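Below is one structure; the comments refer to it alone.
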Protein chains: 2
Amino acid sequence: MPSRRTELTRQAARLFAEKGYHGTSIGDLAAAMGVQKGSLYAHISSKQDLLYETMAEGAHTFHAGLDAIPDEAPATEKIRLALRSHLRVVSDQLDVATVFVQEWRYLEGTRRDEIVALRRRYEERIRGYFREGRELGELRSDLDDATAALLVLSAANWAYTWLQPGRDTDALADRFYDLLVEGMRGYATPA
Amino acid sequence: MPSRRTELTRQAARLFAEKGYHGTSIGDLAAAMGVQKGSLYAHISSKQDLLYETMAEGAHTFHAGLDAIPDEAPATEKIRLALRSHLRVVSDQLDVATVFVQEWRYLEGTRRDEIVALRRRYEERIRGYFREGRELGELRSDLDDATAALLVLSAANWAYTWLQPGRDTDALADRFYDLLVEGMRGYATPA
DNA sequence: GTTCGACCCTAACGATCGTTAGGGTACCCG
DNA sequence: CGGGTACCCTAACGATCGTTAGGGTCGAAC
């Protein structure tokens with residue numbers, strides 16, 4: 001049985017995703033919990049807490065996905081698995097992922113810096129896969145890996161807008177991956 | 001000399017992009033105009049007006065970019081030009097583009113439906129280029145054009161987060177295009 | 001020289017915001 | 001039994017929200 005505290009963060013993620021941080025009032029949160037708004041302050045010390053916790057959970061989950069990728073895998077495989085992981089996280093925790101992408105700028109103070117740093121580090125891990133793939137000869141030697149990483153990160157970060165939970169995200173990720181690796185041009189696949 | 005009215009919509013786009021719609025108060029707008037907040041209501045009838053106008057301007061500008069693409073061009077060229085156009089709009093009107101992507105959900109009533117429909121139509125025009133390219137044999141016959149269009153739209157819609165004004169957006173667009181067409185794999189480009 | 005439109009002011013409205021203080025109930029553990 | 005912990009209440013706080021009413025100034029047009 002989930003404690004009221006964790007239930008509150010769940011509802012916060014849901015409402016922040018749906019109406020935005022500034023668009024969600026403490027009263028909305030309280031109503032979702034079936035409680036008077038003053039009562040929430042037995043669990044939190046400010047509304048910012050809820051935003052921060054949602055963001056921290058998102059950052060952790062995304063990073064944990066990359067942590068599960070074996071170091072010894074080929075770089076191309078790491079890219080494929082990273083795409084899979086990312087889409088799976090977005091699908092499994094759509095609310096958290098939505099808030100993570102959309103509402104980070106409403107974080108204040110040190111916490112904001114912390115989350116921004118985690119975001120940046122995530123992007124750099126992805127970029128690293130591409131650099132590795134180029135340097136080890138798995139990818140075109142003339143590959144612009146920064147642009148390639150940006151393309152993958154765009155697809156990943158945009159996913160919350162269209163991904164519907166319950167879909168086979170692995171297959172989706174593989175479709176993206178295939179497209180990126182093979183390209184769209186006719187003669188690239190003699191099929 | 002720009003009228004105060006257009007200056008107001010400009011400032012609104014800037015502040016909405018920076019702090020979000022709900023994060024921007026009428027007082028903030030008034031301060032940016034060097035005016036008392038009540039005075040704004042000589043120009044608008046509600047805060048929503050400013051959001052709607054920014055959105056409408058964004059929708060119009062993006063569509064106008066596609067309108068300039070010649071019908072008789074090859075589909076692949078249309079895709080390349082569409083990417084160029086989109087990135088140029090984002091760069092030239094970063095505030096408007098940011099609001100267009102981030103704040104549309106705070107529109108209310110009929111206006112919201114109207115803007116959402118324009119968004120959808122824009123996406124469909126892009127998708128059409130890919131379908132055309134596949135059917136006319138410019139692209140792989142087994143191309144999943146929905147996925148390919150989604151990839152391009154992801155890159156386009158995410159651009160507001162990293163694109164800095166003043167950069168050569170045409171070159172950027174071409175890099176994206178090249179990557180998408182040729183793919184990342186080594187043997188796809190015999191150097 | 002008066003009328004008109006564009007522009008801005010002050011002052012206040014009712015509503016809602018996030019937050020606090022202080023008190024209360026119910027259950028578990030010693 | 002006593003103490004603690006988890007949870008919720010009512011009532012209010014000062015601040016800020018979007019919006020309105022009514023009045024005022026200025027320059028251009030007729």
Side-chain angles (χ1 to χ4, degrees), chain A residues 1-56 95 99 102-112 115, chain B residues 1-56 95 99 102-112 115:
Chain A
M1 54 207 63
S3 75
R4 291 293 275 167
R5 180 60 225 259
T6 59
E7 168 71 6
L8 176 55
T9 63
R10 242 182 45 86
Q11 294 290 339
R14 188 177 63 84
L15 287 173
F16 289 166
E18 182 189 334
K19 318 182 6 161
Y21 176 70
H22 284 306
T24 303
S25 71
I26 289 285
D28 293 335
L29 262 311
M33 294 290 289
V35 138
Q36 301 285 6
K37 63 176 181 171
S39 307
L40 295 186
Y41 287 84
H43 305 293
I44 59 173
S45 67
S46 82
K47 188 182 167 187
Q48 272 273 317
D49 287 2
L50 291 170
L51 179 58
Y52 171 72
E53 265 168 56
T54 304
M55 300 294 303
D95 292 336
V99 174
Q102 297 225 75
E103 311 293 325
W104 65 269
R105 55 193 175 135
Y106 303 122
L107 274 176
E108 297 161 9
T110 318
R111 292 169 157 187
R112 177 181 173 140
I115 297 295
Chain B
M1 56 207 60
S3 75
R4 294 291 277 165
R5 180 60 225 260
T6 59
E7 168 71 6
L8 177 55
T9 62
R10 242 182 45 86
Q11 294 289 340
R14 189 177 63 84
L15 287 173
F16 290 166
E18 181 190 335
K19 316 175 21 158
Y21 176 70
H22 283 305
T24 303
S25 71
I26 289 285
D28 293 334
L29 262 312
M33 294 290 289
V35 139
Q36 301 285 6
K37 63 177 182 169
S39 306
L40 295 185
Y41 286 84
H43 305 291
I44 59 172
S45 69
S46 81
K47 188 182 168 188
Q48 273 274 314
D49 287 1
L50 291 170
L51 179 57
Y52 171 72
E53 266 168 57
T54 303
M55 300 293 304
D95 292 337
V99 174
Q102 295 224 77
E103 310 293 326
W104 64 270
R105 54 191 176 136
Y106 303 122
L107 273 176
E108 297 162 8
T110 318
R111 293 168 156 187
R112 176 181 174 141
I115 297 295

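Each chain gets a letter, A, B and so on, in the order its sequence line appears, and its residues count up from 1. Keep in mind that what you see is a predicted model, and the values were worked out from it rather than measured.
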Discussion item. Once rounded to the nearest 0.5 Å, what's the spacing between atom CG of Leu50(B) and atom CD1 of Ile44(B)?
Written reply: 4.5 Å

Fill in: salt bridge (Lys or Arg N to Asp or Glu O under 4.0 Å) against Glu7(A), all qualifying residues, sequence neighbours excluded
Arg10(A)

Discussion item. As an exercise, state the distance from CG of Leu29(B) to CG of Leu40(B), rounded to the nearest 0.5 Å.
Written reply: 6.0 Å

Under 3.5 Å between N/O atoms: give me all the protein pairs with nucleotides 3-5 of chain C, atom names plus distance.
none

Fill in: Pairwise salt bridge (charged side-chain N to carboxylate O under 4.0 Å, His left out) hits with a residue in residues 33-49 of chain A, at least two apart
Asp49(A)-Arg111(A)

Worksheet item: Rounded to the nearest 0.5 Å, what separation is found between the OG atom of Ser39(A) and the CD1 atom of Ile26(A)?
Response: 11.5 Å

Worksheet item: For Arg105(B), which residues count as a side chain to side chain donor-acceptor pair (under 3.5 Å) partner, sequence neighbours excluded?
Response: Glu103(A)

For a quick test of your reading: what N or O donor-acceptor pairs under 3.5 Å do the side chains of residues 16-24 of chain B make, sequence neighbours left out?
unit_1   : atom_1 : unit_2   : atom_2 : d
Lys19(B) : NZ     : Asp28(B) : OD2    : 3.3
Tyr21(B) : OH     : Gln48(B) : N      : 3.4
Thr24(B) : OG1    : Leu15(B) : O      : 3.2
Thr24(B) : OG1    : Gly20(B) : O      : 2.7

Practice prompt. Mind checking salt bridge (Lys or Arg N to Asp or Glu O under 4.0 Å) for Arg5(B) and listing every partner two or more places apart, or none if nothing turns up?
Written response: Glu53(B)

Fill in: N or O in side chain of Arg4(B) less than 4.0 angstrom from dC8(C) OP1/OP2
yes

Discussion item. I need the residues from residues 19-44 of chain A with at least one non-hydrogen atom less than 4.0 Å from DNA chain C; give them sorted by number, or say none.
Written reply: Thr24(A), Ser25(A), Ile26(A), Lys37(A), Gly38(A), Tyr41(A)

Discussion item. According to side chain to side chain donor-acceptor pair (under 3.5 Å), who are the partners of Arg14(B), at least two apart in sequence or on a separate chain?
Written reply: Gln11(B)

Worksheet item: Which atom pair, heavy atoms only, marks the closest approach of Val99(A) to Ala13(A)?
Response: CG2-O, 3.6 Å

Discussion item. Below 4.0 Å from chain A heavy atoms, what is the first contacting nucleotide of DNA chain D and what is the last?
Written reply: dC7(D) to dA12(D)

Worksheet item: Rounded to the nearest 0.5 Å, how far apart are OG1 of Thr54(A) and CG of Leu107(A)?
Response: 9.5 Å

Worksheet item: For DNA chain D, what dot-bracket results from Watson-Crick or G-U pairs at under 3.5 Å, with [ ] for crossers and | for inter-strand partners?
Response: |..|||||||||.||||.||||||||||||

Discussion item. Please list, in numerical order, the residues of residues 46-54 of chain B that have a heavy atom closer than 4.0 Å to any atom of DNA chain D.
Written reply: Ser46(B), Lys47(B)

Item to complete: If a pair satisfies ring-ring contact (aromatic ring centres under 6.0 Å, His included) and one of its residues is in residues 25-54 of chain A, list it, with sequence neighbours excluded.
Response: none

